[in-house]
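Note sheet for the following structure.
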Amino acid sequence: MQYNDIKPDASLYPILIKCAGKACGMLFHSHVLKLGYVPDHYVRNAIMGMYAKYGPVHLARKLFDEMCDRNVADWNVIISGYWKWGSEEEANKIFHMMGKSQRNVITWTTMVTGYAKSRNLKTARMYFDNMPERSVVSWNAMLSGYAQSGEPQETIRLFNHMLNSGNEPDQTTWVIVISSCSSLADDDPSVVDSILRELEKVNFQSNYFVKTALLDLQAKCGNLEAARKIFDQLGVCKNSVTWNAMISAYARAGDFSVARDLFNKMPERNTVSWNSMISGYAQNGESLMAIKLFKEMISSSKDSKPNEVTMVSVFSACGHLGALDLGNWAVSTLNENHIKLSISGYNSLIFMYSRCGSIEDATIIFQEMETRDLVSYNTLISGLAAHGHGKEGIKLMSKMKEDGIEPDRITYIGVLTACSHAGLLEEGQKVFQSIEVPDVDHYACMIDMLGRAGKLEEAMKLIRSMPMEPHEGIYGSLLNAACIHKRVELGELAAAKLFKVEPHNSGNYVLLSNIYASAGRWKDVDKVWDTMRKQEVQKTTAWSWVEHKGEIHKFVVGDRSHERSDDIYKLLANVKVKLRREGYVVDKSCVRRDVEEEEKEEMVGIHSEKLAICFALLVSDIGSVIRVGKNLRICPDCHASIKMISKLERRKIIVRDNNRFHCFSDGLCSCKDYW
DNA sequence: TTAGGGTTAG
């Protein structure tokens, strides 16, 4: 017998077509046409399924239209095909062409899945509720719809309904439910407990999907050990998702040595692995490490391309550093990699630009966005606040209301801060009165605002009228105000409260000591420093930095490790001579009152920010803008703002450090007594 | 024969 004489049985083709890809599927189609197998129900359905899955869907429809004896599977395949190729209208038409009695549970589930995947949850739920009968797949389709649309509460509610109506969840159900619980772990730990109890009740064989979801849930509830136990028990049955879940758990918790170890060991890293590490660094204040790893990712990893999630972490890190050159470089990397941004991506850009001192660029990004959310408004309002643009902050809040977005507590904190920094007391008070239920942070903003304006009695009155217990933010603002306005008794009151709640915060001791120093009460200054020593309060080792040509140069107090250290110290000496000649009074340091400035610096070392500024002066060209420091605030003493910088025509440097923001031109700060 | 499936990064 010749090979050509063998005629495969028609029943083979549905299996062959199902297993084949598109190209082979089309070849089998031509076979069955030649062999005359098309009238066979199963063969026909398989070919239709192939075109519905791989396209073009109109060929599936052609076969469908040519049928004169369609069964329910044929209808279901064509509906599913239309959903797959995004034709909701056609899917809907076919569904309604079917007779009511023709539809089965699969037909209904296909409609539920289609609507759920296109995020039309209302319609999905309508179909789900109208189903004559439901299978576990129908429940999963609806549950997954809620979960994927970020509605974990609704997912859990439906899941409880599922259990109460006597339906048995399968492994898929558990994966959906457990992962929804993970996103509720912070807000509602009781839900997590009840779901875990429910899972224990059923004698259930979990597969590795369920186990990975459980691992993630335990990690997000803060049970790293429990998560690690699941990870270890999975042995070789781990995939990259399991590894990533474990790495991100350690990275989120700031345990970088273990996270990095797993990251290095994992068999195959992907974009999520890199993102887990980078976002872990970025969220735990390790901005430089985040950027370093990002550079490694783009230079070494061919398979793991950065995506929007990567960029959100990188922009955030650049923002926290205030490193505009790095930020601009990150934006160019974004463009080179053709990464499209969603609203949250744009929001992170607004954050980055405003934290890097460029509120203009932040505003441009905001204006260019097609759609904005609450976070977009809040980020720009906070940026405007930090830059002292009070009126613009208030205006933007009005605009968001016009756009149908209601302000939340963060919006009000932003606007109140904006008013406070811009000295808009009256406007700020109006905003405060408009808040329905102000919380303790809103009160803190008001205390700050009144305090800066010198209305300390009013501030005290407001504290006494508060419906809740004042927290450290309230007394911190009061202490700050007492320091600005040299009010010893109020400073003592605020400091006493703060020493109780945060006895190891060195900043409070320093402020109180400064208040005493400004009143010439040197004995009290010494007392404060004694208390600090007795309480073993460590002054936080601050470091300052300068971003120059994409490199970060770090300095700590008395630093002599920098390669240009000699030049820096020489320049510092020259600046001081220059300042003295111009009659500036130097340093208000309270270390000791009976020694000269040079001696004090000998004792404690030159402040890190002075070293950073001198380095910036050394390397900057005329007209360049160099950014130094870590916190973007308006200098409380000189109220320097970005606007002043644009007025300076010669060498311009913006300096941010120790919560201050100073403008320098040829070595002179607009805040006279800085040096 | 036809439906889903699903875990990790912001």
Side-chain angles (χ1 to χ4, degrees), chain A residues 11 13-15 17-18 40-49 52-53 70-81 83-84 103-114 116-117 131 134-145 147-148 169-180 182 206-217 219-220 227 230 234 238-249 251-252 266 270-280 282-283 304 306-316 341-345 347-348 351 375:
Chain A
S11 62
Y13 276 98
I15 305 164
I17 293 167
K18 247 184 127 181
D40 183 283
H41 263 141
Y42 296 130
V43 171
R44 210 176 46 182
N45 190 270
I47 297 169
M48 241 179 75
K53 190 173 172 190
R70 301 173 191 127
N71 64 19
V72 63
D74 298 319
W75 289 89
N76 291 345
V77 164
I78 193 69
I79 293 175
S80 160
W83 277 117
K84 189 173 166 36
R103 299 170 189 150
N104 67 5
V105 65
I106 296 177
T107 325
W108 284 92
T109 307
T110 310
M111 293 304 282
V112 173
T113 310
K117 280 193 170 164
M131 288 177 82
R134 298 182 191 105
S135 67
V136 66
V137 178
S138 329
W139 286 95
N140 290 347
M142 196 63 236
L143 287 167
S144 155
Q148 299 295 324
D170 67 359
Q171 300 199 328
T172 304
T173 323
W174 281 110
V175 174
I176 300 167
V177 169
I178 294 167
S179 64
S180 290
S182 300
S206 305
N207 62 7
Y208 76 91
F209 277 105
V210 180
K211 283 186 180 152
T212 303
L214 267 174
L215 182 164
D216 185 56
L217 175 63
K220 284 187 178 144
I230 299 172
L234 272 165
K238 290 195 280 273
N239 64 1
S240 59
V241 178
T242 325
W243 281 89
N244 290 343
M246 196 69 249
I247 290 168
S248 96
R252 253 194 322 262
M266 77 180 284
N270 58 22
T271 300
V272 179
S273 327
W274 288 89
N275 289 354
S276 302
M277 284 305 303
I278 293 171
S279 75
Q283 283 168 15
S304 308
N307 61 11
E308 188 187 9
V309 179
T310 327
M311 299 318 295
V312 167
S313 296
V314 172
F315 291 145
S316 162
L341 294 184
S342 66
I343 296 183
S344 64
N347 291 347
S348 70
F351 172 82
V375 181

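It should be emphasised that the depicted structure is a prediction, and the values quoted were computed from it without experimental measurement.
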note: A:W243, atom CH2; B:dT7, atom C1'; distance rounded to Å ~ 17 Å
Looking only at B:dG6, B:dA3, B:dG5, the nucleotide nearest the A:K117 side chain is B:dG5
message: Would you say A:R252 places a side-chain N or O within less than 4.0 Å of OP1 or OP2 belonging to B:dT8?
response: no
- Going by modelled atom types, is there a donor-acceptor pair between the base of B:dG10 and the side chain of A:E308 at under 3.5 Å? yes
Indicate yes or no: at least one non-hydrogen side-chain atom of A:V137 is less than 4.5 angstrom from one of A:V105. no
Here the distance between atom P of B:dG4 and atom CE of A:M111, to the nearest Å, is 13 Å
| Would you say the base of B:dA9 and the side-chain of A:N307 have a donor-acceptor pair closer than 3.5 Å? | yes
Nearest heavy-atom approach of A:N239 to A:Y208 is ND2-CE1, 3.4 Å
Distance below 4.0 Å between A:S279 side-chain N/O and B:dG10 OP1 or OP2
yes
Taking B:dA3, B:dT7, B:dG5 as options, the one with an atom nearest any side-chain atom of A:N239 is B:dT7
Practice problem: Kindly indicate whether the side chain of A:N71 and the base of B:dT1 share any N or O donor-acceptor pair separated by less than 3.5 Å? | Solution: yes
Over all strands shown, is A:D216 touching base, sugar-phosphate only, or nothing at heavy-atom distances under 4.0 angstrom? sugar-phosphate
Any A:Q148 side-chain N or O less than 4.0 Å from OP1/OP2 of B:dG5: no
From the list A:I106, A:D74, A:T110, side chain to side chain contact (heavy atoms under 4.5 Å, CB included) partner of A:I79 resolves to A:T110
When rounded to whole Å, the CD1 to P distance for the pair A:I106 and B:dG5 reads 14 Å
Side chain to side chain contact (heavy atoms under 4.5 Å, CB included) test vs A:N140 passes for just one of A:V177, A:V112, A:V175, A:T172, namely A:T172
Regarding the side chain of A:V312, the nearest nucleotide among B:dT8, B:dG10, B:dT2 is B:dG10
(message) Would you say A:Q283 places a side-chain N or O within less than 4.0 Å of OP1 or OP2 belonging to B:dG10?
(response) yes
Taking any heavy-atom pair under 4.0 Å as a contact, classify A:V137: base, sugar-phosphate, or nothing. base
Atom CG of A:N207 and atom P of B:dG4 are separated, to the nearest Å, by 18 Å
Please determine, by modelled atom types, if A:S313 and A:S316 share a side-chain donor-acceptor pair under 3.5 angstrom. no
In whole angstroms, the gap separating P of B:dT7 from CH2 of A:W174 amounts to 16 Å
Looking only at B:dG6, B:dT2, B:dG4, the nucleotide nearest the A:S144 side chain is B:dG6
Q. Any side-chain donor-acceptor pair under 3.5 Å between A:N244 and A:N275?
A. no
Winner on side-chain proximity to A:S313, out of B:dA9, B:dG10, B:dT2, is B:dG10
A:W274 atom CH2 is separated from B:dT8 atom C1', nearest whole Å, by 17 Å
Please work out if A:S344 contacts a base, only the sugar-phosphate, or nothing of the nucleic acid, heavy-atom cut-off 4.0 Å. base
Taken to the nearest whole Å, CE/A:M142 to P/B:dG6 is 13 Å
_B:dA9 OP1/OP2 closer than 4.0 Å to side-chain N/O of A:K220_ = yes
### Query
Would you say a side-chain N or O of A:S179 is under 4.0 Å from OP1 or OP2 of B:dT8?
no
* **base_contact_polar (B:dA9 base, A:S273 side chain, donor-acceptor, <3.5 Å)** => no
note: A:M266, atom CE; B:dA9, atom P; distance rounded to Å ~ 13 Å
